[in-house]
2 protein chains.
Amino acid sequence: MQEQRAVTRSERKEATRQAILDAALVLSADTGLGGLSLRSVAKAVGIVPTAFYRHFASIEELGIALVDEAFASLRKMLRDLRRDMDVQRVIDDSVAILARNVRERRGHFMFIARERVGGLPAVREAIRQELALFERELATDVARLPEMQPWTTEDLRVLANLIVGAMVETAEAIMTAPPGRPDIEREVVRTAERQLRMVVIGAANWQSSRDD
Amino acid sequence: MQEQRAVTRSERKEATRQAILDAALVLSADTGLGGLSLRSVAKAVGIVPTAFYRHFASIEELGIALVDEAFASLRKMLRDLRRDMDVQRVIDDSVAILARNVRERRGHFMFIARERVGGLPAVREAIRQELALFERELATDVARLPEMQPWTTEDLRVLANLIVGAMVETAEAIMTAPPGRPDIEREVVRTAERQLRMVVIGAANWQSSRDD
DNA sequence: AGTTTCGGTGTACGGATGTTCACTGAAATG
DNA sequence: CATTTCAGTGAACATCCGTACACCGAAACT
């Protein structure tokens with residue numbers, strides 16, 4: 001019965017590396033990355049503590065790997081967002097896409113939100129850089145919309161910063177709600193939609209009032 | 001020379017209690033409250049570890065006391081903000097007051113921002129409740145402005161939530177900048193002012209567009 | 001003046017943690 | 001087939017942690 005499965009050594013290594021990342025994501029939800037012990041991760045994965053060092057030199061290095069992994073999925077989200085850049089429906093769609101992604105990758109979002117402000121210094125810095133990059137990408141995407149042509153790059157930067165901030169806050173709000181309560185989440189989503197609408201309308205009017 | 005100074009026992013107790021709170025605020029900046037050890041606090045204060053229990057039953061209880069202390073100063077800020085509720089200058093003044101308070105009570109703001117998302121569950125919950133209360137107070141204050149009369153209470157809540165969120169984010173941004181750089185802080189303040197202006201103008205227009 | 005209260009002391013303990021080191025055995029290499 | 005590579009093992013260690021316990025001495029109380 002035993003099909004010949006060619007499990008190479010590097011495949012095995014990658015598998016336990018991923019298992020470490022997954023376990024760390026779950027365990028750090030309770031304690032934060034800083035309060036996460038190398039031994040508890042090893043126990044959860046099913047390896048001996050010292051084997052951890054075959055994959056990461058420290059918990060901090062593990063954290064940076066988790067930042068990379070989390071922002072890889074965030075970038076997928078930005079691709080979805082970029083696809084339907086319709087000015088009429090962009091707000092509702094964006095919030096919906098954000099909500100869906102938070103729901104599906106709750107662990108990653110919780111990790112980023114938590115370590116962004118409270119994490120180990122190196123991890124915190126890595127997140128800030130990724131978030132700043134994310135913000136710049138969003139700004140250039142928005143700049144392509146025809147009605148944004150008169151905007152200065154500085155104003156676009158401010159707007160992108162505001163939108164990313166609102167995203168982070170909305171993600172935090174969704175995360176705060178218990179996982180199995182779609183009604184609460186829907187309320188958060190509705191609030192976020194209204195707020196983003198306030199922001200966009202305000203930006204447009206403030207902009208036009210500056211033109212004259 | 002030795003003036004008769006009547007240091008009562010309760011005064012002494014209160015003094016070391018305050019010393020514990022101060023030390024905890026400083027030390028938790030590195031590790032977070034969760035990573036703060038009872039022993040390190042005791043050492044910083046100059047008492048023996050077990051003496052800690054004369055004041056707090058646990059680090060968690062210490063954390064909740066710190067939340068109370070931090071929001072006491074936050075409430076003072078709201079009182080300042082309430083004093084000059086002038087519609088023309090409210091945004092610039094609010095941001096200025098926020099910036100000044102963040103500068104003067106940096107430790108408290110850092111503590112709140114950090115533990116709000118990453119802290120021990122009980123501390124996190126205490127912060128959420130205080131922040132929600134703060135938001136409601138702000139909503140009723142804003143509701144008193146004459147031009148806000150047509151607004152529904154629900155819309156006021158959404159607006160207050162947005163403003164508090166922006167405040168938290170701005171405080172985080174100021175904190176992220178190194179303490180001795182007034183130029184960076186001024187840039188953050190300018191960005192925050194523009195963003196709040198976007199929000200308020202947007203809110204007004206969206207509101208009026210709903211009236212008709 | 002005698003007694004109680006109570007913040008702070010000092011010792012001691014069991015348990016968890018990060019890291020070291022020498023090792024094993026199977027996959028990879030040649 | 002002989003050799004090398006390397007993810008994972010297991011014991012040992014020094015260190016830090018929270019907490020229990022008996023104790024002290026001066027302020028507070030009666």
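In what follows, every chain begins at residue 1, and chains take the letters A, B, ... in the order their sequences are listed. Treat the numbers as computed from the prediction; the structure is a model and nothing was measured.
Between B/Tyr53 and A/Lys13, the residue anchored nearer the 5' end of DNA chain D, judged by the nucleotide with its closest heavy atom, is A/Lys13. Each of B/Val48 and A/Pro49 was matched to the nucleotide of DNA chain C holding its nearest heavy atom; the match closer to the 5' end belongs to B/Val48.
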Which protein N or O atoms sit under 3.5 Å from an N or O of nucleotides 22-30 of chain C?
| from | atom 1 | to | atom 2 | distance (Å) |
| --- | --- | --- | --- | --- |
| C/dA28 | OP1 | A/Arg9 | N | 2.9 |

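Using a 4.0 Å cut-off between a side-chain N of Lys or Arg and a carboxylate O of Asp or Glu, A/Glu154 and B/Arg194 qualify as a salt bridge. Using a cut-off of 4.0 Å between Lys/Arg side-chain N and Asp/Glu carboxylate O, A/Glu130 and A/Arg75 are scored as salt-bridged. With respect to the salt-bridge test (charged N to carboxylate O, under 4.0 angstrom), the residues B/Arg114 and B/Glu172 do not qualify.
For residues 22-46 of chain A, proximity to DNA chain C is found at A/Ser37, A/Leu38, A/Arg39, defined as any non-hydrogen atom under 4.0 angstrom from a strand atom.
In B/Arg128, the CZ atom is crowded: over 12 heavy atoms of neighbouring residues, nucleotides or ligands sit closer than 6.0 Å. Other residues, nucleotides and ligands contribute over 12 non-hydrogen atoms within 6.0 Å of the CZ atom of B/Arg100.
Between A/Leu138 and A/Val164, the shortest heavy-atom distance links the atoms CD2-CG2, 4.0 Å. Scanning all heavy atoms of the two residues, the minimum distance from B/Arg82 to B/Asp141 falls at NE-OD2, 2.6 Å.
In this structure, the side chain to side chain contact (heavy atoms under 4.5 Å, CB included) partners of B/Leu98, at least two apart in sequence or on a different chain, are B/Met77, B/Val102, B/Phe109, B/Met167, B/Thr170. For B/Arg197, the salt bridge (Lys or Arg N to Asp or Glu O under 4.0 Å) test picks out B/Asp92, with sequence neighbours left out.
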Compile the donor-acceptor pairs under 3.5 Å between side chains in residues 178-189 of chain B and protein atoms, sequence neighbours left out, one pair per line.
| from | atom 1 | to | atom 2 | distance (Å) |
| --- | --- | --- | --- | --- |
| B/Arg181 | NE | B/Asp183 | OD1 | 3.2 |
| B/Arg181 | NH2 | B/Asp183 | OD2 | 3.1 |
| B/Glu185 | OE1 | B/Arg103 | NE | 3.3 |
| B/Glu185 | OE2 | B/Arg103 | NE | 2.8 |
| B/Glu185 | OE2 | B/Arg103 | NH2 | 3.0 |

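Mapping heavy-atom proximity under 4.0 Å, the span of DNA chain D touched by chain B runs 5' to 3' from D/dC17 to D/dA28.
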